[in-house]
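All of these numbers come straight from a predicted model, not from anything done at the bench.
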Amino acid sequence: METFTAYSHAIAALAIWALMSVVLAGLSTIGRTDEDRCACGKPRRDYANPVYRRERAFANAVEVSGPFIAATLAAILAGAAPFMVNLLASVFIVSRIAMAYVHIRTENQAARSICFMIGWLCMIILALMAARAAIFG
């Protein structure tokens with residue numbers, strides 16, 4: 001397990017992401033009423049409604065989970081630079097916490113987009129670092 005010690009922040013980021021996803025799942029169900037639901041059971045599209053924003057924050061977290069987990073694990077397993085892997089995984093988590101807060105508490109699309117792009121850029125760089133480390137050693 002000493003091989004993974006250098007990646008402790010990235011591993012912690014994966015655990016924090018799991019916990020955050022569980023919290024967002026719970027928050028996404030609070031306040032739903034039959035009047036606010038579509039036929040599919042989801043809240044009706046209305047960004048002025050906090051119930052809808054909580055549902056969207058959770059759905060967005062689910063959508064990005066696979067790429068974040070895959071890129072981070074690939075970077076760790078390929079032996080990419082630990083400092084950068086730790087930094088990028090940590091920045092991703094901070095950006096996603098900020099995004100969840102902005103998504104749930106406000107209707108500020110610009111702030112949400114900035115937080116999304118920061119996390120997206122972290123995932124892209126992690127994936128590129130993993131590929132480089134796997135191919136070139």
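- Pairs engaging residues 80-106 under the side chain to side chain donor-acceptor pair (under 3.5 Å) rule: N60-R96 [sequence neighbours left out].
- Checked against side-chain hydrogen bond (donor to acceptor under 3.5 Å, both in side chains), R37 has no partners two or more places apart in sequence or in another chain.
- Residues that satisfy the side-chain contact (heavy atoms from CB on, under 4.5 Å) test with S65, not counting sequence neighbours, are W17, S21, I69.
- Hydrophobic side-chain contacts under 4.5 Å tie Y47 into a cluster, directly or through other members, with Y52.
- Among pairs with a residue in residues 3-25, none fulfils salt bridge (Lys or Arg N to Asp or Glu O under 4.0 Å), at least two apart in sequence or across chains.
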Test I104 against L24 for side chain to side chain contact (heavy atoms under 4.5 Å, CB included), laying out the working first.
-> CA-CA 10 Å; I104 292 169; L24 287 172; 3.8 Å; yes
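- Cluster partners of F136, using a side-chain heavy-atom cutoff of under 4.5 Å among ILVMFWY residues and allowing indirect links, are I135.
- The main-chain N or O of L73 is never found under 3.5 Å from a side-chain atom of Y7 such that the two would form a donor-acceptor pair.
- For R132, the salt bridge (charged side-chain N to carboxylate O under 4.0 Å, His left out) criterion is met by no residue, not counting sequence neighbours.
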Side chain to side chain contact (heavy atoms under 4.5 Å, CB included) between F4 and L77, worked out | CA-CA 9 Å; F4 300 116; L77 294 174; 3.9 Å; yes
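- R53 meets the side-chain hydrogen bond (donor to acceptor under 3.5 Å, both in side chains) test with no other residue; sequence neighbours excluded.
- L128 contributes atom CG, which lies 10.5 Å from atom CG of L88 (distance to the nearest 0.5 angstrom).
- A71 is linked by a side-chain contact (heavy atoms from CB on, under 4.5 Å) to L126, A127, counting only residues two or more places apart in sequence or in another chain.
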Apply side chain to side chain contact (heavy atoms under 4.5 Å, CB included) to V85 and M129, showing your working.
-> CA-CA 8 Å; V85 173; M129 287 174 54; 3.8 Å; yes
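- Contacts of Q109 classified as side-chain hydrogen bond (donor to acceptor under 3.5 Å, both in side chains), with partners at least two apart in sequence or in another chain: R112, S113.
- Listed by chain and residue number, A133, A134 satisfy the side-chain contact (heavy atoms from CB on, under 4.5 Å) test with A78 (two or more places apart in sequence, or in another chain).
- Within the structure, salt bridge (Lys or Arg N to Asp or Glu O under 4.0 Å) contacts touching residues 62-91 (residues at least two apart or in different chains) are R56-E63.
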